[in-house]
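Comments concern the structure below.
We name chains A, B, ... by the order of the sequence lines, and we start the count at 1 in each one.
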Amino acid sequence: MHNNIEKRLQNLRERLAYITDIFTGKHKDSVTLLEERLASFAGRALSGACESAYAELSGVEDIFAYVERRLEKTLTPMDRVRVVRHPQRVCLRDILENVYDNFTEVGGQDEHSLDPSMLIARAVITRRRGKKTYMQSVMVIGQEKGHGAEYRNGGSVKPWGNAKALQYMGVAETEGIPIHAYIFTPGSYPIEDYPGAAQQIARNIYNMAGLRVPVVAVISEGGSGGAEAIGLADRRLMLSHGYYSVISPEGAAAIEGRLKNGQRASPELIEHCAANLKIQAEDNLKFGYIDRIIQEPPLGARPWHFDFFRSLRQELIRATDEVVISTRKTPVLRGLALARHRNPENDIDHLYIRWGLSGGAKTRLVQRRQRKLLRLSRQAARDRRPFLTKTATAFWDWISKPWVVFKYDFYRKHQRWITTLMEEINNEIDMFKYRLLSPWRKFSRRLPNRTENKAKELTALSSWKEDSRSRRWDYLSPRYKADRTLTCPNSESYGCLDLWGPDLFAEFAGVCSHCGYHFPMEPEWYVRNVFDTGSTFEFNSEIEAGNPLDFPDFSERISQAKKKTGAKSGCMTFEARIDNIKMVVVMFMGTFRGGSVGAAEGYKFVEAAARAAKKRYPFLAYVHGTAGIRIQEGTHGLIQMPRCTVAVRRYIEAGGLYMVLYDTNSFAGPVASFLGCSPYQFAVRSSNIGFAGPGVIKETTGMDIPPKYHRSYRALSRGHIQGIWDRRQIRANLKQALLTIGGRNLYYR
Amino acid sequence: MIDISELLDAIKSSPYREIVVAAPHTGRMSFAALETGMCVHGPQGQWKEMPGTTLGTLEREGNPKPICAPENGEICRIHKELDGGFVEAGAPLVVLRHMLTRDEVQRIILQKTLYLFRAPERAKYYFTPETDKKIRATDAHSVTIRDGMELFIMSRMKREVPLHYAGPDGVIYEIYFKYNENLDAGAPLIGVCPRDHLHVIQDMIARVQTEWTET
């Protein structure tokens, strides 16, 4: 048999295996048809019975192409998940070889790398205008699945891999070259070794929110935190067969089916979750979380689809050009250039645009990126504020702006000389009074009884009446009414005696009097006992959590949670005072569906950050508990990670003080983004902080983890949090932190 | 001279240890659905983080507390008459028959045959340089020790004192401590056996390791 025929036969065999794999038993007739045709041709070609082998082979290839086109229409969401995970799918190295004109891998090579699943390369694109050739450099960062190579770990990046990505993002920023991020990951590797999965992702997102170079992301397999770690971009493109989701369908099925350790979800349940999570490219384009879809060949791109690489190259260059053009100041020139680039007739390789940006353009680029993210996902939360309230809020916002500008931008800036002037004037007045009243003072000094008060003040004991130590709790947990005892979970190791409920939940504030273990308390306990009595003022309480994806049976569960807690969402935003220090507080309540964060919670968080920035108040995130992103909201929930981080970054860069206090259990998305990015994070004793729970770690990595793996003390030793507080001392510690970190004015710039 | 066959026979005739699970405090006891003869397991997992089979619940002042099996074993008696009733602290609830494992048998034998020299106070312990050299050069079995011999250095808070061995003459069979680690008072330092018993004990351990079947 001719060598060329053998090669093409091999290709057909691979295509057949691919179809069998991704449809897992479905479309048996098509598969048998292809098998028979292939076998009969191969048999005759081998025996030399073919008259015109090439013509017959073309016929077989046509049948393959036809069947692939037909099966393409039957692809279900779960089939697409199998497509992106298949070892034959294009991977980052294929793209580097076929899309870019030249590249050098940096930060490790193959298995000799800090983390082989994160691939970084300096690549070059060559463009031609007339006779002149231009070389344009980019930094390519992305997860590498390596056609199923074991050491690539399936594109699951370890924390240090994400740290490496961040390092080279910094390099790109220094060099002023654009970044192309390729997302090929089922999720991040959920271990807490330094720098910690959650903490590193939070750092990455925070830094990408202010990265001063164009970033274009391409999503093939966008799984949750791993995708967000390099995915915050100016333009997000998505491959048509890819998925972008808050959680893998298997993970969603495990949560939906409430599976315990070791149990496996049924294929039907996984299929059901994949279909309802709206993870496909079209869905995400409709929501606005991606900007464009890149069409792939039928049944997904594989390394021999060279046309696909060509269109990918065109789209990438076009997206990068668009980002660069959109930072231009003059609207007319910008419009003309954008129109030229968006015209599909034009060959993008011959339109040259410089990718370097001026200082002003860089600032505009970052501002555009941040504003774009802040606009997203508003429609997914239900804003039940009456029209009048909304208008009044907006009006007040507008009208109070000049006052705020005067107070903080003018008065505070010139405060020092104004106060100096006032002091001088006061001194003069005092001296004048002193001279005026001196005859009267001479007379009064001779009167009796003047020294007695002084002596008493100096010798008597101070009174304890006003001391804060004798302060009783303003709010007692309703559990104190139950006449029963409770066992401390540490009683095995510390020998704690049983605690009587009415003592524990009232006077002891839920703290074991022997070992100091903290029993979880209600969110109200903190609102009423930490802040000044009557000082809290809730806002935006009408923004409600809903069911934006119409996930089956989820609306009932949300309304049940609302009824149970009396809150409209898992997040409460309010203004409060501690010893007259005003602040804006956002509280995630573990009692409302585990404190999961969805579109409504993200909306309220962003609004609260904006309010704190405007009023120049410190901003405190009190996390009573959070289980992560609300998976039933799909990407509406996931987008809150970069979105809220952008809000935090804008607040901090405006000069604000952002503090986070963790209590009970805080896990996953929020910790890996807008909570974990705070420079000042504290935890209440007995709290757990981490990226994924023990069950998920066991399932994804196969490792058993020790029982106290997520304790806050480990987070403290790793450097994630800055301190661990006793619950009874939260008020005092908060005040102390505000005064020392925030400085005298609490607004430290 | 110890009689190994007798010792082994004694263990073989009752190859289990009876564990009496007693009430840790007063309360109302309700047993789980267990029968005599059923097998239960003790704490499991790499860190023993999963508790053993629940034998019952003891409730005091509205606080139900599970009573779990402390070891693997077979239930040989349940005091069912206490079910639903009030029990005093220390009242026996369940009797487990724990089949001895190979390591446990070995430990029993060594306990009976070796003389244990114990740490007199909490400190770090080292062998004297000569002994240490001998142990490193060959093995512990070759070191003969006599009563009153200067054998250890006891080190605590930068204070080093020689410690004299007191007990029967023999060879060191086993060393129970590590250098640079603090030992509590009363913890065994070395196990000593007479020189002529050495091969007998070694034989016996070998027999236990090969012949004892774990269930």
Please give me the minimum heavy-atom distance between A:P706 and B:W47, naming the atom from each residue. N-CH2, 3.4 Å
OH (A:Y494) with more than 12 external heavy atoms under 6.0 Å: no
Closest non-hydrogen atoms of B:R60 and A:T485, given as atom of the first, atom of the second and distance, are O-OG1, 3.4 Å
Within 6.0 angstrom of A:M703 CE, more than 12 heavy atoms from elsewhere: yes
Under a 4.5 Å cutoff for heavy-atom pairs, which residue among A:P707, A:G501, A:A482 has the most contacts with chain B? A:P707
When rounded to the nearest 0.5 angstrom, what is the spacing between NE2 in B:H25 and CG in A:D498? 5.5 Å
Should we say atom CD of B:E81 is surrounded by more than 12 heavy atoms from elsewhere, each under 6.0 Å from it? yes
Quick one: pull up CD in B:Q46 and CG in A:D704 and give me the separation to the nearest 0.5 Å. 5.5 Å
Are there over 12 heavy-atom neighbours, none belonging to B:K133, within less than 6.0 Å of that residue's NZ? no
Give the minimum heavy-atom separation between B:G62 and A:R484, together with the two atoms involved. O-NE, 3.2 Å
Using heavy-atom distances under 4.5 Å, tell me whether A:I705 contacts chain B through its side chain, its backbone, both, or neither. backbone
